[in-house]
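The block underneath contains the structure these notes are about, expressed in structure tokens.
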Amino acid sequence: MIKYSLVLSSEGTVQPLLLALASPAHGHPNHHMHPTASDIPQDLHEIFTNRLPDEVYFYLSRGLLSPQALVWLTTGQIVENPPLDNGETTEYKRFVKEVITDGQTSPRGTALALISTVCHSSWANKKVQGHFWFETPSPHAQKPILHNVQLAERVNGWNVPYQIVEDELRRQNVSPRVFYQGS
């Protein structure tokens, strides 16, 4: 099982550990066994999950994507835990459910839509349920969180000019080369 664990290679692709170790960069010249993709079990998706694009893992490795949204998508659930004061007010409960998580333009639904639209169609069609601390769990009464193409298309007009990004990186004393090229 460990030799088939998925790792992010130095080339930015996700592959089983066995293949990553057999790459020319890590292989030894006297090593005679060179595993190929045909040596890898075809049912890894049943253990790990369906394949996500390599770009998703690259964005994760650079901190451009939060792992939380991927957890929501891959597990099929958004679990809303109570805040420290237990969130007793009706206004707060409504805010969490209708604005943050389950609303027409919720940020969590939009994050799911942005990720699932660049993934395989199985991810775009995956049902994600919201589980709230103030509701009694009932599988029949729950409707899935909306994360569709229309939500993702809302952000098409978002544009931050390159100069603003460069200025901010300079202000934070970060080299733009490191940010863009991953070096």
Side-chain angles (χ1 to χ4, degrees), residues 1-81 100-101 106-131 144-149 151-153 155-156 158 160 162 165-166 168-170 172-183:
M1 174 72 94
I2 292 177
K3 65 182 176 181
Y4 300 118
S5 294
L6 301 177
V7 296
L8 184 63
S9 72
S10 57
E11 292 83 32
T13 59
V14 175
Q15 56 188 356
L17 180 61
L18 188 64
L19 290 180
L21 292 176
S23 70
H26 296 97
H28 301 290
N30 298 339
H31 196 261
H32 298 293
M33 186 186 148
H34 296 287
T36 63
S38 63
D39 298 325
I40 305 300
Q42 297 300 309
D43 60 351
L44 283 182
H45 68 279
E46 292 183 19
I47 297 168
F48 295 111
T49 189
N50 286 324
R51 183 166 172 78
L52 292 166
D54 290 336
E55 293 88 347
V56 168
Y57 297 106
F58 176 75
Y59 294 149
L60 272 172
S61 73
R62 298 292 180 229
L64 298 174
L65 176 66
S66 166
Q68 188 60 55
L70 286 176
V71 169
W72 298 333
L73 186 62
T74 56
T75 62
Q77 58 183 343
I78 296 176
V79 178
E80 292 290 353
N81 292 313
I100 299 293
T101 305
S106 72
R108 293 187 176 153
T110 303
L112 286 170
L114 289 169
I115 294 169
S116 63
T117 55
V118 298
C119 295
H120 187 270
S121 62
S122 65
W123 294 114
N125 299 324
K126 177 144 178 144
K127 302 282 188 245
V128 178
Q129 304 287 334
H131 299 278
I145 304 294
L146 180 68
H147 66 100
N148 57 28
V149 177
L151 276 175
E153 287 174 350
V155 300
N156 281 346
W158 293 3
V160 179
Y162 178 74
V165 173
E166 264 196 343
E168 182 60 23
L169 289 172
R170 263 194 223 83
Q172 293 181 21
N173 205 18
V174 175
S175 167
R177 187 180 72 78
V178 170
F179 182 76
Y180 291 115
Q181 295 176 356
S183 299

Non-neighbouring partners of A111 that pass side-chain contact (heavy atoms from CB on, under 4.5 Å), sequence neighbours left out: A69
Pairing residues for V71 by the side-chain contact (heavy atoms from CB on, under 4.5 Å) criterion, not counting sequence neighbours: Q68, T75
side-chain contact (heavy atoms from CB on, under 4.5 Å) against L8, all qualifying residues, sequence neighbours excluded: V14, Y57, S61
CD-OG1 distance between E153 and T117, expressed to the nearest 0.5 angstrom: 9.0 Å
Validation row: T101, S106 side chains within 4.5 angstrom (heavy atoms): no
With T110 via side-chain hydrogen bond (donor to acceptor under 3.5 Å, both in side chains) - residues at least two apart: none
Residues which pass salt bridge (charged side-chain N to carboxylate O under 4.0 Å, His left out) with E55, listed by chain and number, not counting sequence neighbours: none
Interatomic spacing from CG in L65 to CZ in F58 - rounded to 0.5 Å: 12.0 Å
Side chains of W123 and I115 in contact at under 4.5 Å (non-hydrogen atoms): no
Spatial distance of atom CD1 (I78) from atom CD1 (I145) [nearest 0.5 Å]: 5.0 Å
S66: partners by side-chain hydrogen bond (donor to acceptor under 3.5 Å, both in side chains), with sequence neighbours left out: none
Distance-minimising heavy-atom pair for Q172 and E168: NE2-OE2, 2.6 Å
Minimum heavy-atom distance between L73 and K126, given as atom pair plus value: O-CE, 3.1 Å
